[in-house]
Amino acid sequence: MDDALSWGSIFLRIAAQLLPVWVALIATFALSMQFKRRLGLYGRIFDSPVGMTGFGLVMFWVFTAIFANWIITHDPLAQLSGMKNIAPGAPLADPAEGAYPYYLLGGDHLARDVFSRMIMGAREVLKIAPAATVIAFMVGITLGLPAGYLGGKLDTTISFLSNLVLAFPVILLFYLLVTPEIRVTGIPIVLAAILFIFPVIFLVILFNSRFFTTPAKRNLYVGLTLLFGLWAYSGLAFNADPFGVWSMDPNMLNVFVSVVFVNSPGVFRIVRGMVMDIKTRDYVAAGQTRGEGPWYIMLWEILPNARGPLIVDFCLRIGYTTILLGTLGFFGLGVTPESPDWGSTINYGRRLLAIAPHPAVVPAFALMSLVLGLNLLADGLREESMKD
Amino acid sequence: MLMFVLRRIGVMILTAIALTFIVFYMTNLPPNLEKLAKSEASVRMDDDAVASWLERNGYGGSVFVRYGEWLGVMPGWTLTDEDGTTRGRCIAEGTDPAAAPTFCGLLQGNWGFSTVFKQPVTEVLARSLGATGWLMLWVMIVMVPSSLLLGVLSGMREGSRTDRVLSTFAITTTATPEYVSGVILIALLASATAGISPILADAGWISGKTLFPGTATSAMDDITFWNFFLPVMTIALYGIGYIARMTRASMTEVMTQQYIRTARLKGVGFRQVVMRHALRNALIAPFTVIMLQFPWLLNGVVIVETLFNYKGFGWTLVQAAGNNDIDTLLACSVVAVFVVLVTQLISDIGYVFLNPRIRLA
């Protein structure tokens, strides 16, 4: 039996394990630096050290999630005997043929490899957080544009509803929305049915308002959107996809819907505020005089001019969603005990903090670095977009 | 001004009613009631028995009527059993049904009975809110001055080295949710095997095994620096970064104003300019932010009290939610919603008072 690894060799071995990530990161940075003048706002991230650091951190986790299968040293669910709560760098008690001979970051309370679980956890988080944020943005934009542009009763009603959700303590909402009992009542499916239709509506209006003067093109785009949108919609919201391509685990759906539900009023508020500001500009008045329809003005005149703050908020919001998902995991809501996601790993690890801190500390640092990266990226983007 | 406050209070009451109704509806969903019936009466009841138990205990009828009863604007239910005794929502065990009041809900001070703590909800709430009050007080004492100081220091010379360092610190703490910073702090300061405690113990600097205890349960009876430091720091850290960044933004804006330049050109020293001219105007925005932090703090309180096993409001909420204690959960949400709405109102009114440029017709 080998000796335990020292900290230096642990880090060296982790770095070696992450090789695909380093290669991909270097390739991304080299290409982006090469062409940064032609890449618009994205290229300008590389002018600010803060933005570059943030982008590096975020891409590190994105690539880790993509290459997770090659990076992990053990099956994240496998429990090896004798490895319970073992310290980082410990050799396997009785190594099987061809197995990686060490637990690089130690074992958890069920003798699973902390390192592999952390890597697989990145995949869990990055699967949900950006997707949930995108849907929340579509909901917020689709409701915020008319509320800010048209105002009146519509605005009052939607604003009241969004303030209602915002006044709700998030934890309480999660405790009410993410329980096994609630799935029986079908509330998550109703919420999903309402929230998931917004992306379809958004895209249909987007294409229709742009191309309604050339019906052939319009019919093509709107038709394709409806075809794919409703196909995905039926699968994701009702689990009724006839081909079985789109589907979502009911547990996951519950978590996903709650996170979208919590996030969309915030987006709504921002979009509404910006629309109220931008609609007083001259180019909007010019569009109105040209006889452009309200939806064309909202989606093709106002929205592109609001993109700067929206992109910044998007980055911050992914970070916030990551924190929310972690909170859910921390309270053991809506996730299976086996799931390697960071929140629930921290939750299980925290009970043994006094004897074996590493099972909780490793995912804690992982979560922190991802959110920090997103915040730095947002800061860099904000700085660069202010320079216009 | 008065009209503004009245209108705000009107909207607030409407919001409170809507929110409490949502919570009431969600906690009284059929599966929750079924679970309640099984835990209160017998686990092995079939569906018919559950339905009749619910019917007999006032859980039948429409959810609107039951919400009215709970709130105290509808007469409480009464039922006469086959043996002739009359029971009801407002009739205590063994008292004369005729003498019982018609209404007994939230407004009459009847908050229900906790099935987990086996106590009236008001007692549970009073105890846990007291505990959380101390926690919040210390969080505020730590968080507000330090975050304002950080923000002002980094905002008064934008782009300087101090600004860079402090801004990095602020952005790091906002990226660290309570459950992460709590875990890291415990591992660093309160673990017998990791962090600095083993080193200190070996050197004989501390008598126990760890520098700080990993739980705050003992703080329920007696708050000391040692058992309260970690929970307070965990909540405060997350807020510090956010408030500091807001203060910094507001301070940098104020520092570019004409009157600051005028003061500088008149020959007033930099220190005087900051203290006399900039500070007061720069602190208007952070005031609102601090007030709106309360809902966030509530979040942090729930996490930290769970993590450190401090039996305050957040811990009670988690216990109630986890054990289907409907009355306690409802009461907790009433308190939470109340706190959120009142702080919003205070921040709006305070903003108007602090900023003479805003006038409300």
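In the text below, chain A, chain B and the rest are named by the order of the sequence lines, each starting its count at 1. Predicted model, so just to flag it, every value in this text is computed and none were measured.
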- Query: Does the pair Met26(B) and Thr185(A) meet the rule for a side chain to side chain contact (heavy atoms under 4.5 Å, CB included), with working shown?
  - Reply: CA-CA 10 Å; Met26(B) 302 278 281; Thr185(A) 62; over 6 Å; no

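- The line from CZ of Phe24(B) to CG of Leu176(A) is 13.0 Å long, rounded to the nearest 0.5 Å.
- With a 4.5 Å cut-off on non-hydrogen atoms, Leu374(A) does not touch chain B at all.
- For the pair Tyr175(A) and Leu329(B), the minimum side-chain heavy-atom distance is 4.5 Å or more.
- Residues of residues 165-178 of chain B that come closer than 4.5 Å to chain A, counting heavy atoms only, are Ile171(B), Thr172(B), Thr174(B), Ala175(B), Thr176(B), Pro177(B), ordered by residue number.
- Both the backbone and the side chain of Ile303(B) come within contact range of chain A, each with at least one heavy atom under 4.5 Å from a heavy atom of that chain.
- The most heavy-atom pairs under 4.5 Å with chain B, out of Leu164(A), Leu172(A), Val361(A), Val50(A), come from Leu164(A).
- Note that CZ of Arg350(A) is 9.0 Å distant from CD1 of Ile186(B), once rounded to the nearest 0.5 Å.
- Few gaps surround NZ on Lys35(B); more than 12 heavy atoms of other groups in view lie less than 6.0 Å from it.
- Taking 4.5 Å as the limit, some side-chain heavy atom of Leu14(B) sits within range of a side-chain heavy atom of Phe160(A).
- For Val23(B), the parts lying near chain A are the backbone and the side chain together; criterion is any non-hydrogen pair under 4.5 Å.
- In terms of heavy-atom pairs under 4.5 angstrom with chain B, the leader among Ile346(A), Thr327(A), Val170(A) is Thr327(A).
- For the set Gly343(A), Pro169(A), Ala364(A), the entry with the most heavy-atom pairs within less than 4.5 Å of chain B is Ala364(A).
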- Task: Please lay out, stage by stage, how Tyr179(B) and Leu367(A) fare under the test side chain to side chain contact (heavy atoms under 4.5 Å, CB included).
- Result: CA-CA 10 Å; Tyr179(B) 52 89; Leu367(A) 194 143; 3.8 Å; yes

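- The CD atom of Gln344(B) lies 8.0 Å from the CG atom of Leu166(A); values are rounded to the nearest 0.5 Å.
- With a 4.5 Å cut-off on non-hydrogen atoms, Tyr238(B) touches chain A through its side chain but not through its backbone.
- At most 12 heavy atoms of other shown residues, nucleotides or ligands fall within 6.0 angstrom of atom CZ in Phe365(A).
- For residues 314-326 of chain A, the interface with chain B (any heavy-atom pair closer than 4.5 Å) comprises Tyr320(A), Thr322(A), Ile323(A), Gly326(A), sorted by residue number.
- Ranking Leu29(B), Leu19(B), Val11(B) against chain A, the residue ahead of the rest is Leu19(B), based on heavy-atom pairs under 4.5 Å.
- Within the 4.5 angstrom heavy-atom criterion, no atom of Asn163(A) approaches chain B.
- Leu376(A) touches chain B through backbone and side chain together, each having a heavy atom under 4.5 Å away.
- Of the candidates Val302(B), Leu298(B), Val318(B), Thr306(B), Val302(B) is the only one forming a side chain to side chain contact (heavy atoms under 4.5 Å, CB included) with Ile171(A).
- Here the side chains of Ile22(B) and Phe168(A) are in contact, with some heavy-atom distance below 4.5 Å.
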